[in-house]
Participant: 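Quick one: this structure, given as structure tokens, is what I'll be asking you about.
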Amino acid sequence: MCDNANPYVPYMATIEDTWYETLGDRCVKTFKVTLDDAAARDCWSHKPGQCAMVGLLGVGESMFCISCSPTEGDFLRFSIMRAGKNTQALHEQEIGDKITVRGPYGNNFPMDDWKGKHIITIGGGIGQAPLRPIVEYVKANLDQYAGLTMIYGARTSGDLCFKGEFEDMSKRDDLSCHMTIDLEEEGWNYNVGFVPTMLMDVNPSPENAIAITCGPPIMIRFVLENLKKLNFADEQIYTTLENRMKCGFGKCGRCNVGSLYVCKDGPVFSYATLKDVPEAFA
Amino acid sequence: MDSMKLSKDKLNSFVAILAEQKQLYMPQAEGETLKYSPVNAKVQPDLVFSNTAVPAKSVVFPQVETLFRYEVEKTDIKMPAGEEERVLLGVRPCDARAMSIVDNLFSWDVDDPYYLGKREKTIVVGLACQKPGVNCFCSSVGGGPASTEGLDVLLTDLGESFLVKPLTEKGEKLCQAAGEIFEEASSDDLNSAEKLHQEAAALISRSIETGGIPEKLPGLWESGIWKEVSNACLGCGICTFLCPTCHCFDIQDEIEGFEGRRCRMWDSCMFGEYTLHTSGHNPRPTRRERTRNRINHKYNYFVQKFDVIACVGCGRCISSCPVNIDIIEILQQVKEAQ
Amino acid sequence: MSEQFQPNVVAFLCNWCSYAGADLAGTSRIKYPHNLNVIRVMCSGRVNPLFVINAFQQGADGVLISGCHPGDCHYMEGNFYARRRFSLMNELLEYVGVEPGRFNMSWVSASEGAKWKDVVAGVVEKAKEAGPFDQFRRNKINW
Amino acid sequence: MVDLEKMRTIAKETVSRDDVRYLIGWRQGTYGFRVSPHFMKGPEEAEKLIFSPLCSNNLATYLTLTEKLPVPRGEQPDSRKIAVMVKGCDSRAVVQQLIEKGIERERVFVIGCPCEGVLDLKKVEEKFPGILSPVEVEWSGDKIIFTLPDGVKEVPKGEVLAKKCLSCRYPNPVMSDITLWDEVKSLGDGNYEDVKEMEEKNPQEKWSFWKDKFSSCIRCYSCRNVCPMCYCEDCVLDRLNPQWINRSANISENSAFQLARAFHLAGRCIECGECERVCPVDIPLMALNRKLAKEVREQYEFEPGLDPESKPFQSSYRPNDKEDFIL
Amino acid sequence: MNNKPKIGVYVCHCGVNISKMVDVDAVTEFASHLPNVKVVRNYSYMCSDPGQLLMREDIKNEGLNRVVVASCSPRMHEMTFRKTLAAAGLNPYFLEMANIREQCSWVHEDREDATGKAKKIVSSAVAKVRLLEALYESEVNVEPATLIIGAGIAGIQAALDIANAGFKVYLVEKSPSVGGKMSQLDKTFPTLDCSACILTPKMVDVAAHPNIELMTYSKVEEITGYVGNFQVKVRKKARYVDMDKCTSCGVCAEECRLAGRIPSEFNENMGKRSAIYLPFPQAVPAKYTIDPERCLFLTRGKCGKSPKCVDACLAGAVNFEQQDEIAEFKVGTVIVATGYDVFDAAKKPEYGYAEYENVITGLELERLVSASGPTGGDILIGKGENAFVPKEIAFIKCVGSRDKSVGNEYCSRVCCMYTAKLAHLVGEKIPDANVRVYYMDVRAFGKGFEEFYDRVRREGVRYIRGNPSEIFKRGDKLVVKVEDTLTATPLEDEVDLVVLAVGLEPRKDVREVIDLLRLSQSSDKFFLEAHPKLAPVDTATDGVFLAGCAQGPKDIPDTVAQAKGAASSALVLLSSGKVKIGAQISFVNEATCRGCGYCVDICPYGAIELVEINRMGNILSVARVNDALCKGCGACAAGCLSGSVQQRSFMDRQILPQIAVLGVMR
Ligand SMILES: Cc1cc2nc3c(=O)[nH]c(=O)nc-3n(C[C@H](O)[C@H](O)[C@H](O)COP(=O)(O)OP(=O)(O)OC[C@H]3O[C@@H](n4cnc5c(N)ncnc54)[C@H](O)[C@@H]3O)c2cc1C
Ligand SMILES: Cc1cc2nc3c(=O)[nH]c(=O)nc-3n(C[C@H](O)[C@H](O)[C@H](O)COP(=O)(O)OP(=O)(O)OC[C@H]3O[C@@H](n4cnc5c(N)ncnc54)[C@H](O)[C@@H]3O)c2cc1C
Ligand code: SF4
Ligand code: SF4
Ligand code: SF4
Ligand code: SF4
Ligand code: SF4
Ligand code: SF4
């Protein structure tokens with residue numbers, strides 16, 4: 001019964017584990033959840049880049065990208081920034097609490113098509129959440145890809161998500177990992193500077209490479225510019241969009257950019273597709 | 001099944017039969033506004049030609065609709081009761097056509113169980129228009145005063161009687177159920193109906209040649225006309241709430257005591273919050289972008305996706321817009337723009 | 001209805017006068033009906049007129065706002081604003097057909113325990129007379 | 001007397017000024033009796049300007065409706081004036097906006113148009129149904145002259161004028177930088193007969209009237225959007241946290257919304273009647289607004305939108321405000 | 001971090017006070033099913049040490065982060081339990097009290113009803129506590145200085161006390177000299193000390209004190225800021241006389257072209273002065289001042305060939321180039337001691353004050369009996385040749401006091417006694433005078449007052465109970481028309497002099513001070529104290545105190561006592577150096593504020609102002625709350641249409657769930 005008859009009805013899920021990625025007003029908390037229903041678990045299959053509607057009965061639901069790769073195990077992870085009504089309520093939930101999940105929605109990063117290529121992720125702030133599954137996926141199948149370069153930045157070291165993981169990865173010599181923050185900080189041993197600048201410093205070759213970027217709009221704008229300077233072709237550049245959405249499967253309107261529905265045709269888009277789509281970077 | 005005739009003095013009984021079998025919806029005046037409301041068998045039917053303020057979409061896509069219910073702090077989800085069979089009587093062809101257009105969206109890729117559930121259980125009995133409104137321009141967008149798209153039965157007012165034309169299996173069944181009260185229609189009746197249809201079409205005074213517009217719109221993305229045509233817009237959303245093809249909705253949870261429900265309700269792309277991100281960023285920050293989206297959605301995006309213009313020319317958005325933002329005028333400007 | 005209708009009144013009391021007056025009624029062991037429940041605010045001026053509408057929506061059969069007598073406001077002016085706001089709210093509610101007596105406002109000082117009792121008794125009585133409020137109670141409409 | 005030539009000349013002069021960004025006036029609409037706001041950027045657009053009994057729109061709304069887009073770094077926000085044409089009631093909206101600091105005096109240029117009353121389109125369209133081609137309409141004493149496709153028709157004012165105008169006390173702008181023509185006599189004394197009539201009814205009658213009206217509200221919020229006083233960045237009616245009013249449209253939420261809106265306009269509503277005019281389901285919103293306006297005027301001797309220096313009604317009090325309703 | 005609320009509900013039996021009428025067990029059981037409730041306990045006395053210990057342990061062991069105590073009124077024990085929370089390391093504002101005693105068990109008679117109500121009260125508290133936020137009290141430093149406005153006896157006394165305690169005082173006086181009304185008095189009741197003799201030394205002290213910066217002939221132009229941190233701007237008006245050079249010899253005044261032609265304010269316009277003048281001989285500072293409104297040079301630009309004063313002054317002190325100076329400084333507290341005005345007797349035309357020269361006010365008589373007065377201490381009525389010594393003298397009391405027709409309902413408190421005093425002094429000066437006093441009541445409430453009143457009567461002053469209706473002239477006599485209400489006989493009393501015992505009124509220029517500090521007035525239009533009994537020297541504005549007649553009519557002993565009270569209140573703040581700021585105050589959501597300023601108008605404490613912010617390049621004005629001024633009434637929050645200003649702990653989103661619970665639970 002994998003074809004869920006009513007797409008509006010969520011699965012119940014239990015929070016297995018939670019922790020804070022960042023602190024402060026707009027802190028990010030990661031939730032590791034499993035679906036309660038065994039049948040639902042069997043049916044559920046997501047790919048890097050896909051999202052899900054996570055919510056609470058009585059509060060509402062919001063779209064989040066699934067920030068883990070299916071290669072990590074039979075669970076889901078969401079890294080959620082506290083921003084408004086739903087996310088605030090979600091942040092209050094703790095291990096053992098029930099939340100609702102429906103999905104997975106949207107397309108995914110074409111991990112298969114990218115096999116044999118050098119994968120470059122360029123993330124900023126909470127924008128690393130959709131990129132993390134790529135990283136994990138490639139890490140798990142490192143032999144199938146030509147390499148993995150990660151560039152990740154945030155305003156301060158306190159705003160970096162998944163910092164521990166990055167620290168571990170930067171110790172590995174089979175990965176190229178670059179962490180940066182906007183301004184100098186005491187005890188910070190990695191790079192300082194904006195992500196787009198970092199990109200130029202890392203200077204990745206476009207040869208057989210794919211660059212995926214996600215972050216605040218202004219960062220994306222400059223990263224795209226710089227990727228062009230580095231001679232990346234439009235088809236080699238990917239990003240994910242996060243327009244407001246309510247249903248997740250192309251009914252409620254609102255998430256469209258031009259004639260594309262982010263929830264169905266996205267959220268993953270290649271720059272080749274997006275560059276001519278009005279509103280894509282609005 | 002062939003067309004039949006329903007004498008006007010039998011209209012009462014026809015309505016009573018329908019109302020007994022199914023939930024009957026008819027245009028009813030609520031205060032000074034006409035909208036489709038459920039009626040009982042005793043209603044005095046009054047099939048008038050003036051368009052309802054709220055389109056017939058409200059019957060299959062109600063302004064508020066419960067998706068499911070639950071108890072606060074509990075985990076089981078209770079589905080609303082199944083849909084009842086219903087008949088929609090006196091629908092204007094444009095409204096019916098709108099439903100068939102919206103069907104595309106709600107059955108695209110993922111079926112929408114609520115809409116389609118209602119749609120399937122609804123028999124649409126239309127009434128051919130004879131007195132088009134000032135702002136009707138259905139014939140410009142592929143419809144007409146006697147268009148049958150989306151209808152199960154079409155009635156034509158012949159004066160003393162209605163010509164009843166079943167159009168679908170559902171429609172035929174409905175007519176059969178009414179049985180006796182119909183008379184046979186003569187070929188004269190058919191001819192005069194045809195004539196009335198043509199006369200009505202001729203009465204439509206507003207029009208716009210829509211050919212080429214979908215193709216032209218993408219090129220006008222940055223054009224000055226959007227600012228021009230949206231200056232006066234209030235962002236009120238009347239044009240979309242009352243549009244029979246507008247189908248956007250919001251989803252909200254509502255709590256009453258210890259029970260809650262998740263429901264959906266009409267939303268409008270003319271509202272600022274529609275696309276507003278929690279961060280405060282809004283990809284469509286002003287009425288200019290919203291107006292542009294409204295027109296593009298109807299005349300460009302929908303065409304790209306489903307190959308049909310998502311506008312049926314009912315003229316409601318023109319008549320109801322408080323500041324005379326006139327979609328025909330906008331389309332005219334689109335055509336003229338360089 | 002064989003059982004007598006027990007109304008549900010929501011009251012907003014300022015901390016310094018009316019809440020203290022209600023406390024005094026308590027310390028003086030003055031008895032009054034149980035149908036009124038209190039939400040404490042610092043000043044009657046804090047009561048947003050929309051609270052009243054909301055209370056009716058949420059199931060109150062009556063609403064009471066109570067504060068210090070004019071001139072006695074702990075914050076000097078708060079009750080003057082409250083008076084102006086609720087005088088209008090009162091007019092508005094009556095105008096749309098909310099029975100008079102459902103919405104009430106009173107001045108009860110910290111020393112008026114006895115008056116508090118009278119106010120409660122009066123307000124509850126009026127709500128009883130008016131019966132259950134269902135004009136625009138939420139009550140799962142169209143669920 | 002309306003002098004369109006003068007209106008256009010002044011409009012031309014005004015938009016040509018360096019310190020004026022654009023001018024908002026009225027122009028003939030796209031069909032029948034409709035009129036549309038005219039945003040005039042240059043003198044060449046002056047010919048489209050009109051002023052007639054059809055010009056109901058309160059253009060002051062646009063002074064606060066215009067979105068403030070982010071200003072690119074290094075640029076200055078456009079601080080030029082916006083010129084706006086106002087009738088008597090509209091001018092009160094401008095004054096009230098000044099009182100509430102919604103606009104700054106030096107950012108507006110107010111062109112006053114003394115007004116002999118505007119028409120109620122519903123009445124007009126009932127009288128002359130199905131008219132498509134734009135119609136010219138003029139005042140003429142106590143008559144309105146319609147130049148219809150099938151000839152000129154004279155109609156007594158009383159039959160077609162908007163209700164608010166029949167009792168309007170401020171037909172002349174109460175504030176303007178320039179007034180286009182001679183002042184006109186006020187048509188009414190602003191009595192509240194209709195309100196009093198409703199007040200007479202018993203609660204059941206009142207509610208059955210309002211229940212009917214409130215339940216047909218589709219919650220499009222046009223009434224709010226068109227209101228020159230409703231320009232909150234984030235209206236409480238839309239807010240999700242806390243959620244004062246649920247989104248769903250039913251008698252409970254609709255009533256709460258209606259009462260909240262009316263209350264928010266107490267002592268602020270300048271009775272331009274726009275909210276009622278735009279309501280697509282014909283809810284008599286003015287009856288609510290006027291009720292409160294009546295109380296504010298009769299009991300507090302206060303009228304909004306008259307004196308830019310005055311304190312807003314809702315943020316002031318008098319020690320001797322009435323309190324006969326208090327226990 | 002916002003953790004999921006883990007609520008502990010503690011239901012108190014209060015001995016049997018609660019449990020007798022409320023089924024505590026049922027409430028406990030009920031509360032355990034409420035959302036987010038982790039621990040529910042009941043106990044005989046929650047406020048007792050073991051009761052509090054229970055909570056502290058649960059907070060620590062069960063990880064509770066919110067507490068509801070269902071017991072007595074929050075007015076009783078909110079503080080107690082807040083401390084309990086704090087002691088357990090929890091923010092004290094995560095507490096909500098459910099009052100099931102005063103407003104439940106004690107007032108209901110049916111156990112079932114009372115229990116039902118207790119459940120509702122607890123639910124409502126739970127609904128709110130879930131949404132409470134941690135709050136922090138803050139402190140601000142107090143600038144160790146005080147501004148005193150007005151240098152009458154009140155201001156002088158307060159200044160000396162504070163300065164002696166070692167703090168800086170800025171004493172600002174409007175007129176050219178300190179001293180106020182007291183300096184105009186001759187003797188003071190009831191002891192008949194000479195006013196100048198007791199006042200002058202203090203005036204001199206004030207000028208000489210190292211901690212006092214005296215600014216006479218100055219005006220406070222602006223006060224901004226809040227308790228502990230007031231920013232003050234004072235305009236020191238140009239005197240056109242160099243204070244350092246002037247030796248106070250007075251030659252200039254003698255030489256002045258207008259010498260003897262300008263009515264002297266100090267002498268109630270009875271004597272004359274020059275355009276360059278010393279208000280009175282004992283004036284402090286003893287420096288001359290040029291009256292800019294009268295001086296020929298200053299008004300016309302020309303005074304003969306050259307101004308006589310300039311020529312006359314050997315010290316070269318006259319300087320027409322002098323400009324106003326602005327002094328700016330910071331203070332922690334402010335004392336308002338601006339005094340009073342006497343009632344304008346012309347407002348009672350029936351007494352003919354404006355018409356007849358032999359109708360005078362009490363204050364004028366003070367000047368006439370004073371040795372430093374216009375007549376050198378002789379009671380002479382009329383000018384020059386015609387001046388005469390009155391023999392038949394009538395006093396009329398309560399002129400402008402206790403009189404609704406002129407809008408003064410209050411008693412001026414000093415007129416009874418100063419009438420007695422003046423009657424006595426008249427007797428001293430004119431031994432054969434016949435003095436009678438027309439009165440309504442005699443109020444001799446103070447220490448030694450009754451004795452003094454008695455003495456004056458024994459001296460032969462006649463007290464006649466009656467309120468004169470009219471005074472008119474008959475020949476060269478004045479006729480006082482009155483009914484003796486004790487004997488009910490109408491009288492027409494022929495006299496030579498009528499003295500009106502005028503009452504005390506707020507100063508005509510009081511608006512200036514109101515605008516400076518946003519002070520309120522009581523119904524008598526004097527400044528309103530924070531509480532008539534418990535805070536008579538405080539105002540609604542923290543750090544601002546009242547002294548002397550500015551707060552209401554009073555005599556000198558009371559004035560001095562209150563001045564000392566104000567000084568000590570100011571010293572409390574100054575010496576502790578810090579003031580605490582409440583936590584349950586308001587804040588503005590600048591993202592939604594529409595800058596309408598309603599809240600600014602509404603706030604009784606002037607705690608909100610509109611500030612300009614830059615939102616993505618657009619300059620917008622939005623409201624901002626000054627934490628130090630906000631008292632947390634929440635009036636602003638209810639008045640803000642867009643809900644942009646919210647009061648902490650009483651936010652809309654915290655109250656609405658309470659309403660919901662109370663409404664839904666039937
Ligand atoms: C495809 C996609 C992936 C996302 N992935 C993540 C993620 O991994 N981590 C994360 O922290 N956030 C993510 N977001 C953003 C997240 O959905 C919003 O932050 C969240 O909806 C805010 O909801 P709220 O109720 O707290 O805010 P409120 O403003 O109170 O919510 C109002 C409503 O607006 C909608 N909404 C508001 N902002 C957004 C937004 N930016 N995008 C979409 N809908 C919005 C929500 O549906 C919500 O119901 C993603 C959004 C999209 C569309
Ligand atoms: C006729 C008469 C006789 C009296 N006799 C007696 C008596 O015998 N015994 C007795 O106990 N009481 C007597 N009183 C009462 C006595 O005068 C007052 O109690 C006393 O003067 C009060 O002093 P004060 O400092 O409060 O006010 P004031 O003496 O009025 O001093 C106020 C000072 O503030 C200054 N000031 C005002 N506004 C400002 C401003 N904005 N900025 C700067 N400075 C300002 C004024 O110039 C003045 O110097 C008598 C009163 C009257 C009218
Ligand atoms: S109805 Fe008119 S004003 Fe309202 S949103 Fe639509 S176009 Fe704008
Ligand atoms: S305009 Fe009319 S229908 Fe729309 S929200 Fe206002 S009252 Fe309701
Ligand atoms: S409430 Fe209506 S009448 Fe009043 S100002 Fe607003 S739009 Fe005009
Ligand atoms: S209804 Fe109230 S909150 Fe909403 S825009 Fe109008 S004034 Fe503002
Ligand atoms: S009342 Fe509200 S909207 Fe107006 S200035 Fe104050 S906080 Fe802002
Ligand atoms: S809570 Fe009261 S004191 Fe504080 S800012 Fe608001 S109105 Fe002023």
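Computed from a predicted structure; not experimentally measured. Within every chain, numbering begins at 1; the chains are lettered A, B, ... in the order of the sequence lines, protein sequences first and strands thereafter.
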Participant: If you count heavy-atom pairs under 4.5 Å between each of E:Lys631, E:Glu109, E:Arg101 and chain C, which one has the most?
Facilitator: E:Glu109
Participant: Among the options E:Ser124, E:Gly639, E:Ser105, pick out the one with the most heavy-atom pairs lying under 4.5 Å from chain C.
Facilitator: E:Gly639
Participant: Looking at chain E, which one of C:Met42, C:Gln58, C:Arg138, C:His74 has the largest number of heavy-atom pairs inside 4.5 Å, strictly under?
Facilitator: C:Gln58
Participant: Report the option among C:Pro7, C:Ala22, C:Ala82 that has the most heavy-atom pairs separated by less than 4.5 Å from atoms of chain E.
Facilitator: C:Ala22
Participant: Relative to chain C, which of E:Asn17, E:Val107, E:Leu662, E:Asn99 shows the most heavy atom pairs under 4.5 Å?
Facilitator: E:Val107
Participant: For C:Tyr19 and E:Ser73, which heavy atoms make the closest approach, and how far apart are they?
Facilitator: CE2-OG, 3.6 Å
Participant: Taking side chain as everything from C-beta outward and backbone as N, CA, C, O, which of these in E:Asp110 sits under 4.5 Å from a heavy atom of chain C? Side chain, backbone, both or neither.
Facilitator: neither
Participant: Please identify, among C:Cys43, C:Cys73, C:Gly59, C:Pro49, the residue contributing the most non-hydrogen atom pairs under 4.5 Å to chain E.
Facilitator: C:Gly59
Participant: Please name the pair of heavy atoms, one in E:Asp601 and one in C:Tyr81, separated by the smallest distance, quoted to 0.1 Å.
Facilitator: O-OH, 3.4 Å
Participant: Looking at C:Leu24, C:Val120, C:Asn54, C:Asn139, which has the largest count of heavy-atom pairs under 4.5 Å with chain E?
Facilitator: C:Asn54
Participant: Does C:Lys115 have more than 12 heavy atoms from other residues, nucleotides or ligands lying within 6.0 Å of its NZ?
Facilitator: yes
Participant: Does any part of the side chain of C:Val41, heavy atoms only, come nearer than 4.5 Å to the side chain of E:Gln647, both counted from C-beta?
Facilitator: no
Participant: Look up atom CD in E:Glu78 and atom CG in C:Asn15, then write down how far apart they are to the nearest 0.5 Å.
Facilitator: 8.0 Å
Participant: Is the CD atom of E:Glu112 crowded by more than 12 outside heavy atoms at less than 6.0 Å?
Facilitator: no
Participant: Are any of the side-chain heavy atoms of C:Asn8 and E:Lys120 separated by less than 4.5 Å?
Facilitator: yes
Participant: Which one wins on heavy-atom pair count under 4.5 Å against chain C: E:Ile121, E:Leu656, E:Val661?
Facilitator: E:Leu656
Participant: Nearest 0.5 Å, please: how far is CZ in C:Arg40 from NZ in E:Lys128?
Facilitator: 7.0 Å
Participant: Would you compute the distance between atom CG of C:Leu36 and atom CD of E:Gln103 and round it to the nearest 0.5 angstrom?
Facilitator: 9.0 Å
Participant: Looking at every non-hydrogen atom in both residues, tell me the closest pair between C:Trp16 and E:Arg75 and how far apart they are.
Facilitator: CA-NH1, 3.9 Å
Participant: Can you confirm whether C:Lys31 is buried at NZ, in the sense that more than 12 heavy atoms of other residues, nucleotides or ligands lie under 6.0 Å from that atom?
Facilitator: yes
Participant: Measure across E:Tyr605 and C:Tyr75 and return the closest heavy-atom pair with its distance rounded to 0.1 Å.
Facilitator: OH-CA, 3.1 Å
Participant: So, taking the atom named CZ in E:Phe650 and the one named CG in C:Asn48, what distance separates them when rounded to the nearest 0.5 Å?
Facilitator: 15.0 Å
Participant: Please give me the minimum heavy-atom distance between C:Glu77 and E:Ile602, naming the atom from each residue.
Facilitator: OE1-O, 3.8 Å
Participant: Please indicate whether E:Glu409 has more than 12 foreign heavy atoms, meaning atoms of other residues, nucleotides or ligands, lying under 6.0 Å from its CD.
Facilitator: no
Participant: For the interface with chain E, which of C:Ala60, C:Ala25, C:Gly78, C:Ala20 has the highest count of heavy-atom pairs at distances below 4.5 Å?
Facilitator: C:Ala20
Participant: If you measure from CD1 on C:Ile39 to CD1 on E:Ile655, what distance do you get to the nearest 0.5 Å?
Facilitator: 7.0 Å
Participant: For the CZ atom of C:Arg29 and the CD atom of E:Glu102, what is their distance to the nearest 0.5 Å?
Facilitator: 8.5 Å
Participant: Give, as side chain, backbone, both or neither, the part of C:Phe12 having an atom under 4.5 angstrom from any heavy atom of chain E.
Facilitator: side chain
Participant: What part of E:Gln646 gets closer than 4.5 Å to chain C, counting heavy atoms only: side chain, backbone, both or neither?
Facilitator: side chain
Participant: Just so I know, are the side chains of C:Tyr32 and E:His108 near enough to count as touching, which here means a heavy-atom distance under 4.5 Å?
Facilitator: yes
